[in-house]
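Below is one structure, written out as structure tokens; comments come after it.
Throughout, protein chains are lettered first and strands after them, A, B, ... in sequence-line order, and every chain is numbered starting at 1.
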Protein chains: 2
Amino acid sequence: MNLRDLRYILAIAEHGQFSRAAEACGISQPTLSVQVRKLEEALGVTLFERGAKSVVPTDACDRLLGHVRGAVAEADAILAVARDLRDPLAGRFRLGIIPTLAPYLLPLIFAPLRESLPALEIEPWEDQTLALLERLRTHQLDAALLATEVDGPDLVSEALFEEPFLAALPPDHRLAGRELVDEAELAQDILVLADGHCLRDQALAACGQAGLLGSTLRSASLSTLLNMVAAGYGTTLIPGLAAGAAQDAGLVLRPLSARAGRCIRIVWRAGFPRRAAVEAVGQVIAARLRPFAEGAAAGAV
Amino acid sequence: MNLRDLRYILAIAEHGQFSRAAEACGISQPTLSVQVRKLEEALGVTLFERGAKSVVPTDACDRLLGHVRGAVAEADAILAVARDLRDPLAGRFRLGIIPTLAPYLLPLIFAPLRESLPALEIEPWEDQTLALLERLRTHQLDAALLATEVDGPDLVSEALFEEPFLAALPPDHRLAGRELVDEAELAQDILVLADGHCLRDQALAACGQAGLLGSTLRSASLSTLLNMVAAGYGTTLIPGLAAGAAQDAGLVLRPLSARAGRCIRIVWRAGFPRRAAVEAVGQVIAARLRPFAEGAAAGAV
DNA sequence: CAAGCGCCATAGATGGCATCTATGACGACA
DNA sequence: TGTCGTCATAGATGCCATCTATGGCGCTTG
């Protein structure tokens, strides 16, 4: 049995005639006759009583017609839904973002994404790198914005923009007067986030882990960290996009002498079929961040 | 798109693996790969994300799976219902019967039909010959029991049994003493049914229409006619199976000298596909009536 | 009443396509 | 590092849906 055959049945039932039904189906009349007969033999049921001037559905056919219509309707629904799903730049797009990036990046890119990709329903998901990778691998995310390299056999990534780190100091800190802050000096009283935040590791790496004198804040957000610094408990190193929030908290920001920073990348499964959506999202983000990159470069000169 | 393809989709979604799905479908793995790819291309939608160790349905596939399941379920329903409908000796069987036969034949054949053809739901429909033929031709009946020949290009019939006519007389009628009644004599004060009843024409033909002296009863049943005769308004000619009813009404019955009678036939459309059901019903009726035919033959000797 | 018309069935030819086996590529695991 | 399991690709093959041509049959019409 075949969906095509079922459509033939419906056509005959509708037209009450093989010739017209065949025409409606775009096939020749003999083909229709043969196919219907084969279907009747396959089902073991005579579907139509062929009369001199009429073709009338049998009782059995009437009993079946409901299901036939149902099957054809579902098939048409599949085609219709598939047509709607055909656009890779449409539909749900689950985007993971690390916590040290999300609060500062999302407000920047939400509007541009809506404008450039109106059919794409971005669903942000904020979590730490490892959790995001796990969700990505288990198909619970479509892509993720990370600050680490993760390319491997199953995951692919693309760099979107460079985000320089900044030294964040209390206004009365001894380093607050410097134009540039040396990473090693910062290490003396630096506060860092808890394990699991990639920013913690990167900050420590930038400052030379060995000289760690500051303390680790468990289960705290970058925002909390800023407030701790503002309260005079130490210094820290923040990603560039958090500069606004840091200034709002009353901190003094200074570039780092070694120009440490991180690279924000968009990551997705190697086999993810909606690569077009990933690329599009990545491009929108990169385009939105370009002014910042140029500003940073200009400031550095 | 094809129902087969849809079953493939479901198998892959269920097994999460091409190889096992192919095995479950009874095809080779390359065939499944090729077919799924073709379906994906036809739909314009990637259905599965092929990973190193896993095959995961895409979001689009999830959206479609409901309809896919629906279509396959309807298709299975078609097969299941067709299986039930396969027996031609099962299901509704609309049987037309003429009014001068139905009240006397139906009580005889109902039980044997139920016994011999338990799955056949006989729906009797009582009306005059022309109305029955009309309903038969318009597929509102599956077969009819008539007392006339109707074979033609579109209708076929088969004789079931011979039903002799009997003279029905009031007990005090001048012919009531005879062993045999001559049809011509009966004509002198015969009462007949209204136009449309085949029995009317056959009675008149048997008695010689020219000598009609009796009157016609409009819109009356054979039962009414019997009561009229019992009340002394004349004589009549009844079909053999009505003998019991006539005797109950107090009438005297006598064989006719020319042995006039009628042949009860079962009629159906030449193209009617459940010919087996027609034959079976006919045989049950003929078998049930055989004792009567033999009794009549024996009485005639 | 015979011819023409409309309809469905049949026959034979043809091409597309589903399927197979064999093989390749690739990642996982021991 | 080699072996295993998995999916993809390639080429061969055979079935079958489809076509055109034709026949049969009943109805209509001049």
Could you give the [atom1]-to-[atom2] distance, from [X] to [N], as a whole number of Å?
{"X": "R20(B)", "N": "dC4(D)", "atom1": "CZ", "atom2": "P", "result": "16 Å"}
{"X": "E40(B)", "N": "dA8(D)", "atom1": "CD", "atom2": "C1'", "result": "13 Å"}
{"X": "M1(B)", "N": "dC17(C)", "atom1": "CE", "atom2": "P", "result": "16 Å"}
{"X": "I12(A)", "N": "dC8(C)", "atom1": "CD1", "atom2": "C1'", "result": "11 Å"}
{"X": "F48(B)", "N": "dA8(D)", "atom1": "CZ", "atom2": "P", "result": "11 Å"}
{"X": "Q35(A)", "N": "dA17(D)", "atom1": "CD", "atom2": "P", "result": "4 Å"}
{"X": "E41(A)", "N": "dA9(C)", "atom1": "CD", "atom2": "C1'", "result": "13 Å"}
{"X": "L32(B)", "N": "dT21(C)", "atom1": "CG", "atom2": "P", "result": "15 Å"}

Just compare dC8(C), dA21(D), dT18(D) and give me whichever is closest to any side-chain atom of I27(A).
->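 The closest nucleotide is dT18(D).
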Which nucleotide in the list dC16(D), dA18(C), dT6(D) gets nearest to the side chain of K38(A)?
->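 Among the listed nucleotides, the one closest to the side chain of K38(A) is dC16(D).
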Between the side chains of [Y] and [X], is the shortest nitrogen-to-carboxylate-oxygen separation below 4.0 Å, so that they form an ion pair?
{"X": "E163(B)", "Y": "R262(B)", "answer": "yes"}
{"X": "R265(A)", "Y": "E149(A)", "answer": "yes"}
{"X": "D154(A)", "Y": "R137(A)", "answer": "yes"}
{"X": "D59(A)", "Y": "R92(B)", "answer": "yes"}

When all nucleic acid strands are considered with a 4.0 Å heavy-atom cut-off, which category describes Y8(B): base, sugar-phosphate, or nothing?
->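 Here Y8(B) touches the backbone only, sparing every base.
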Side-chain donor-acceptor pair present, E23(B), S19(B), cut-off under 3.5 Å =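 Judged by distance alone, the side chains do not pair up.
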Could R94(A) and W125(A) be counted as a cation-pi pair, given that NZ or CZ must be under 6.0 Å from the ring centre and within 45° of the axis?
-> no
OP1 or OP2 of [N] less than 4.0 angstrom from a side-chain nitrogen or oxygen of [X], does that happen here?
{"X": "R37(A)", "N": "dT10(C)", "answer": "yes"}
{"X": "S33(B)", "N": "dT9(D)", "answer": "no"}
{"X": "S28(B)", "N": "dT19(C)", "answer": "no"}
{"X": "T31(B)", "N": "dC20(C)", "answer": "yes"}
{"X": "R50(B)", "N": "dA8(D)", "answer": "yes"}
{"X": "R4(B)", "N": "dT19(C)", "answer": "yes"}
{"X": "Q17(A)", "N": "dC7(C)", "answer": "yes"}
{"X": "S19(B)", "N": "dG5(D)", "answer": "no"}

First of D154(A) and V34(B) reached from the 5' end of DNA chain C, by closest nucleotide =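 On the 5' side of the pair lies V34(B).
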For Q29(B) and N2(A), take the nucleotide of DNA chain D holding the closest heavy atom to each; which residue's nucleotide lies nearer the 5' end?
->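 Its nucleotide being nearer the 5' end, the pick is Q29(B).
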Which residue, D5(A) or P153(B), contacts DNA chain D at a nucleotide closer to its 5' end, judged by nearest heavy atom?
-> D5(A)
